[in-house]
Amino acid sequence: MSDIHLGFQKHEALQKIEQEVFERAMDQCISCKVDFILIPGDLFHVNIPEMRVQKFAFAKFRQIYDASIPVYVVYGSHDFSPVSNSVIDLLAEVGYITKVTKATSLDDGRIKLDFLVDEKTGVKIAGLSGLKVGKDREYYEKLDRESLEAESGFKIFLFHGGISEMKTESGMDGENMPLSLLPRNFDYYAGGHMHKFNSQNFDGYPRIVYPGALFAGYHSDLEDNAKGQKRGFVLVEFEDKIKNVEFVEIQNTHYKIIEVNAENRMAESVNKELQDKIREIDPAQQVVIIKVQGEMTKGKTADVDISAIRDELNQKGALVVNINKNQLTSKEYCITEAKGANKEEIENNVFTENIGQLRFEQKNLLGESGVQLAKKLLAGLIQQKLENEKTADYNARIKENAFGVLGIDTDAS
Ligand SMILES: [Mn+2]
C-alpha cells in the first residue's frame, strides 16, 4: 500500500476516517496473514506529524509487529527527511518497520544499492526513497544498475515517483521520469506517488504497480473519491514468480458531489442552481463536495454565496462540506496586470488599477483611501510565522493586525 498520508486531514470528521481506513487496511493484512507489507512512500503527510497521528500509527504498527509481519518502507516526497528526522525513523528505530534504502557511494561516483532479504520468504528487496522534486532523477542516473539487475532470486524494487510511460494523472507530467531509469529484471515494482491505482507490464519490467492513495493525500483526491475512485491496497500472491495481483478495496466514506458551471452566467443564477441542487440531496453523514467553475459575466466571485449553502448543509447533518471555487472567475472583476519598478510601485499600481472595479457602500474602501487601506492590510497579513510561534497565536496575531487596520472592534463580535 502507498500514499497513506497520515496527518493530511484537517477536519475532525475526515481525520477520523483517515485513521479508520489505515487501521482497517492494516487489520486486513493481519487477518490475511500476509508475509510482509510494502509501503513505497508517503506513509505520513509530513516528516513529523502531530502527536495524535503518531500515537495511532505506533499503536497499529505495534500490532503488526506482534503479528510478526515485517513492514518495508521507503520515504516518499512528503515524509522524506534528508537527516533521518522523520517519524519513519522512529518507527524503524524501535523495529516496527524497516527502511529499505541501503545506499553506498562507490569510488567512481556511482551509487550501489544493497538488497535486504526477507527472512521468512527469502525475497530480496531493494529500493530508493522519493526525494524533493528533480533530485530523484540525478540519483537514478548514478545507480549501479548492473549489480541490481544481475542479482538472482525473486526481487522487489520499491520506488516513489511517477513514470512517464504510465501517465494517467494530469498535471504531474513534469515530475515523471522515464521507465528506463528503473533497474530492469525485478519481479515486482512497488510504486508510490501516483494517487490512483495503476498496474502495468512492460518489457523488462514485468509488474509495475501503484496501489494509489489509501484515502486522500491531495484535496483533489476527495473529489476523485466522490466521483467513484476506488481506494485500497494491492494483495500480491507469488511463489518463484508472481501468481496474482489483486486490488483490495477499503471503503472510506459516503460522498455527494454537486457541480455547477458558472460560465457566462450571473451570480444570482449560479446561487439559484446551487440552492436547487443542494435541496435535491440528503447530505446527512455525507462528505459533500461542491465545485463551481467557469467565468461569470457579471459580479464578483464572492457573490456566489457559499456560506449560506454551507450552513444549510451543516444543518441537515453533512459530515463535511468542501467548497471548491478555485476555477471560478468573473469577466467583470479580474485582476489587471500592473507594472512597476519595485514591489512598492507594483503593489500601488495593482491596487489603484483594480479598485475602480469595486462597488462598495463604504466610500473609505474606494479611491485613494481604499488603496492606502489595502496596502496597510497587505502589510499586516503578509507577516510570517515567528520561530516557535504556535499556530493559534500566529492566527490571533494576524487577525488582530487585520482588524486593527480596518478599525473593527473585535470585542464587539
Ligand atoms: Mn503521495
Side-chain angles (χ1 to χ4, degrees), residues 1-11 14-15 17-19 21-22 25-26 37-50 53-54 57 60-61 71-82 85-89 91 97 99-101 127-137 139-140 157-164 166-177 181-182 189-200 208-227 229-234 247-250 252 322:
M1 61 183 81
S2 86
D3 296 275
I4 309 172
H5 284 265
L6 297 178
F8 170 60
Q9 299 300 337
K10 296 288 170 277
H11 192 290
L14 294 176
Q15 288 178 339
I17 296 165
E18 180 184 270
Q19 177 178 347
V21 165
F22 163 70
M26 288 296 172
I37 297 170
L38 306 172
I39 305 180
D42 288 356
L43 167 55
F44 297 97
H45 189 63
V46 288
N47 59 329
I48 306 177
E50 60 176 307
V53 174
Q54 299 197 29
K60 196 41 85 180
F61 280 116
V71 181
Y72 300 110
V73 172
V74 293
Y75 289 134
S77 39
H78 278 89
D79 46 19
F80 172 77
S81 162
N85 226 343
S86 171
V87 69
I88 298 276
D89 296 284
L91 284 162
I97 68 173
K99 281 168 75 182
V100 170
T101 309
L128 265 186
S129 290
L131 305 173
K132 293 297 171 202
V133 182
K135 280 274 175 201
D136 303 72
R137 218 188 156 108
Y139 224 82
Y140 277 98
F157 192 79
L158 267 72
F159 70 103
H160 188 89
I163 299 290
S164 338
M166 289 182 83
K167 64 174 166 196
T168 51
E169 288 168 50
S170 57
M172 297 180 72
D173 294 352
E175 296 173 31
N176 294 346
M177 60 180 189
L181 278 181
L182 292 179
Y189 295 80
H193 190 60
M194 302 307 260
H195 281 198
K196 290 178 183 169
F197 168 68
N198 194 346
S199 168
Q200 286 183 41
I208 301 204
V209 181
Y210 291 98
L214 192 59
F215 171 43
Y218 305 133
H219 292 287
S220 59
D221 289 344
L222 278 182
E223 193 179 313
D224 289 335
N225 293 355
K227 288 179 179 167
Q229 176 69 42
K230 296 205 181 328
R231 300 295 182 187
F233 62 88
V234 172
F247 181 80
V248 180
E249 186 181 358
I250 302 284
N252 45 70
N322 261 352

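Both ligands and their constituent atoms are indexed starting at 1 by order of listing.
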Quiz item: Distance-only, no hydrogens or angles: does the Y189 side chain make a donor-acceptor pair with backbone N or O of L182 under 3.5 Å?
Solution: no

Could you tell me whether the side chain of N47 and the main chain of S86 form a donor-acceptor pair under 3.5 Å?
no

- Exercise: do Q200 and N198 side chains pair donor with acceptor under 3.5 Å: yes

Is a side-chain donor-acceptor pair under 3.5 Å present for Y75 with D89? yes

So the protein N/O/S atoms within less than 2.8 Å of the Mn ion (ligand 1) come down to D3 OD1, H5 NE2, D42 OD2, H195 NE2

Ring pair (Phe, Tyr, Trp, His ring centres under 6.0 Å) filter on H219, not counting sequence neighbours, yields F8

| query | Can you check ring pair (Phe, Tyr, Trp, His ring centres under 6.0 Å) on H78 and F44, steps first, answer last? | reply | CA-CA 7 Å; H78 278 89; F44 297 97; over 10 Å; no

